[in-house]
Peer 1: 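One structure, as structure tokens, below. Some questions next.
Any value given below was found using the heavy atoms of this structure, including those in side chains, with hydrogens, waters and symmetry copies removed. In what follows, every chain begins at residue 1, and chains take the letters A, B, ... in the order their sequences are listed.
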2 protein chains.
Amino acid sequence: MTTESPIGIFDSGIGGLTVVKAVQAALPAERIIYFGDTARVPYGPKSQITIRKYAADDTAILMRYQPKVIIVACNTVSALALDVVEKSCGKIPVIGVLKAGAKLAVQVSKNNRIGVIGTQATVCSNAYACAINQLNADIEVISQACPLFVPLAEEGFINHPATRLIAEQYLAGFRKQEIDTLVLGCTHYPILRQVIEETIGSKIRIIDSAEAVALRTRELLLESGLLNPSGHVSVPHLLVSDLPQKFSMLYQLFMGSELPDVELVEV
Amino acid sequence: MTTESPIGIFDSGIGGLTVVKAVQAALPAERIIYFGDTARVPYGPKSQITIRKYAADDTAILMRYQPKVIIVACNTVSALALDVVEKSCGKIPVIGVLKAGAKLAVQVSKNNRIGVIGTQATVCSNAYACAINQLNADIEVISQACPLFVPLAEEGFINHPATRLIAEQYLAGFRKQEIDTLVLGCTHYPILRQVIEETIGSKIRIIDSAEAVALRTRELLLESGLLNPSGHVSVPHLLVSDLPQKFSMLYQLFMGSELPDVELVEV
């Protein structure tokens with residue numbers, strides 16, 4: 001493990017590319033290896049046993065590249081199987097998108113009322129509320145599952161009136177709850193950020209977990225002396241377990257650039 | 001293989017339960033073994049190589065029960081991997097939901113203009129158009145992928161205004177095309193049948209592939225002398241590769257009855 005070792009990032013599918021983009025922006029000199037488990041996406045609706053098995057598999061794939069840090073970009077794995085990742089990678093530090101998002105939300109909230117949106121599994125696990133209350137037990141956390149946001153984002157229905165109706169249905173309750181901070185607890189949700197912002201109103205501060213995890217990674221590499229002092233900007237090394245038909249379109253939607261070479265790995 | 005052998009049915013997930021329900025209605029004296037690959041659902045967006053591998057796995061699981069017929073309730077597998085199923089099960093006859101739906105649509109259409117809706121993979125494979133044109137080369141087939149229909153059905157947004165807006169967006173084109181028949185080329189879509197019907201208008205006849213496959217199964221068992229003469233109505237034997245949190249709610253949505261015992265199998 002040296003300053004030149006890569007940063008390993010994994011997610012259940014393509015959503016974690018929002019984390020890749022945020023890490024690239026915060027740490028342009030670092031090499032990034034990304035594994036998206038596109039053959040088994042989505043993890044959200046699956047059982048905890050299955051999610052924990054997949055988390056071990058995903059970690060093993062990244063470990064082949066001897067990363068200096070592993071970022072769990074998947075909120076579902078961060079919520080239900082972060083300990084599996086930690087056990088599977090020995091002394092390599094692990095950063096979960098969930099704890100990073102929770103920490104930033106706690107720093108930002110002034111009225112101690114934080115909203116969290118995510119998949120059914122993330123919300124049911126109550127992991128965001130636990131992480132937030134470990135940092136500050138006085139904070140009230142109000143959670144809402146938004147299962148249609150991922151398919152709407154992937155279908156590119158960014159500004160569609162149906163997306164607005166569905167956002168209104170999912171988010172209207174937050175207005176009465178008087179939250180001042182809303183955590184996007186799913187890596188897909190930044191794609192729908194504008195609709196979400198317009199639905200909840202401009203007074204509520206949105207926390208993008210992808211940005212939060214990038215900041216935390218920068219801190220950790222600085223603290224441990226592992227920041228790459230002389231790297232160059234490079235395209236991420238992409239590993240996927242399947243190459244879905246819409247992959248190229250989705251990559252462009254998430255990264256805003258053309259799809260580079262992709263390596264297929266078996267899970 | 002005897003008259004008392006079960007009917008094996010598999011699907012990528014829970015959608016094939018609409019086929020189970022239709023087969024139960026058409027053949028109440030038959031035992032049904034259903035495998036839903038809930039750990040790896042959805043197959044739709046995955047690559048052909050992955051779908052073909054999964055099709056072999058799914059067939060092997062049903063073969064343990066020595067079925068007298070295997071019904072492929074998954075449109076994606078019917079479109080891209082029916083030959084894999086046929087090779088994997090020796091002399092057991094195989095019925096694909098796709099060919100059954102195509103055949104019924106050809107029988108019903110009077111103006112030789114048929115619409116087909118399905119997942120991205122089913123539509124891109126062009127398999128419905130091929131199956132229809134093999135039966136009648138003069139028929140014009142107009143296809144439309146509706147990727148949001150599955151998540152909308154699973155979220156229970158059966159009568160939601162957002163579902164109507166999305167149906168309008170997907171289906172409006174059919175009005176100009178002057179089709180007289182529309183095939184529901186995905187086992188989830190019968191759940192949204194009312195919205196689909198109201199959107200396309202009452203002049204277009206809807207073909208539910210689940211009903212079509214049940215009729216074809218009845219024919220085949222009669223022809224081969226394998227109809228069970230003395231069976232009793234029984235609950236289907238359910239096998240799944242994962243038990244998602246919403247399984248019980250989804251079972252009720254699809255079957256209209258309480259979830260019976262479920263057996264977990266590894267894939």
Peer 1: Above 12 or not: heavy atoms from other molecules or residues under 6.0 Å from CD of B:E258?
Peer 2: no
Peer 1: Write down the atom of A:V41, the atom of B:P42, and the distance for their closest heavy-atom approach.
Peer 2: O-CD, 3.7 Å
Peer 1: What closest approach, in Å, do B:L243 and A:S47 show between heavy atoms, and which atom pair accounts for it?
Peer 2: O-CB, 3.8 Å
Peer 1: Select one option (side chain, backbone, both, neither) describing which atoms of B:E155 are under 4.5 Å from chain A's heavy atoms.
Peer 2: side chain
Peer 1: Where does B:Q48 contact chain A at under 4.5 Å (heavy atoms): side chain, backbone, both or neither?
Peer 2: neither
Peer 1: Counting only non-hydrogen atoms closer than 4.5 Å, does B:T38 touch chain A with its backbone (N, CA, C, O), its side chain (CB onward), both, or neither?
Peer 2: backbone
Peer 1: Considering non-hydrogen atoms only, spot the tightest contact between A:K46 and B:A39 and give its length.
Peer 2: CE-O, 2.5 Å
Peer 1: Below 4.5 Å from any heavy atom of chain A, which atoms of B:F247 appear? Answer side chain, backbone, both or neither.
Peer 2: neither
Peer 1: Between atom OG1 of A:T50 and atom CD of B:E266, what is the distance when rounded to the nearest 0.5 Å?
Peer 2: 9.0 Å
Peer 1: Heavy-atom cut-off 4.5 Å, strictly under: side chain, backbone, both or neither for B:Y54 against chain A?
Peer 2: side chain
Peer 1: Give, for atom CD1 of A:I166 and atom CG of B:L165, the distance between the pair rounded to the nearest 0.5 Å.
Peer 2: 9.0 Å
Peer 1: At a heavy-atom distance under 4.5 Å, which candidate from A:R164, A:Q169, A:R40 has the highest pair count against chain B?
Peer 2: A:Q169
Peer 1: For B:I49, is it the side chain, the backbone, both, or neither that has a heavy atom closer than 4.5 Å to a heavy atom of chain A?
Peer 2: neither
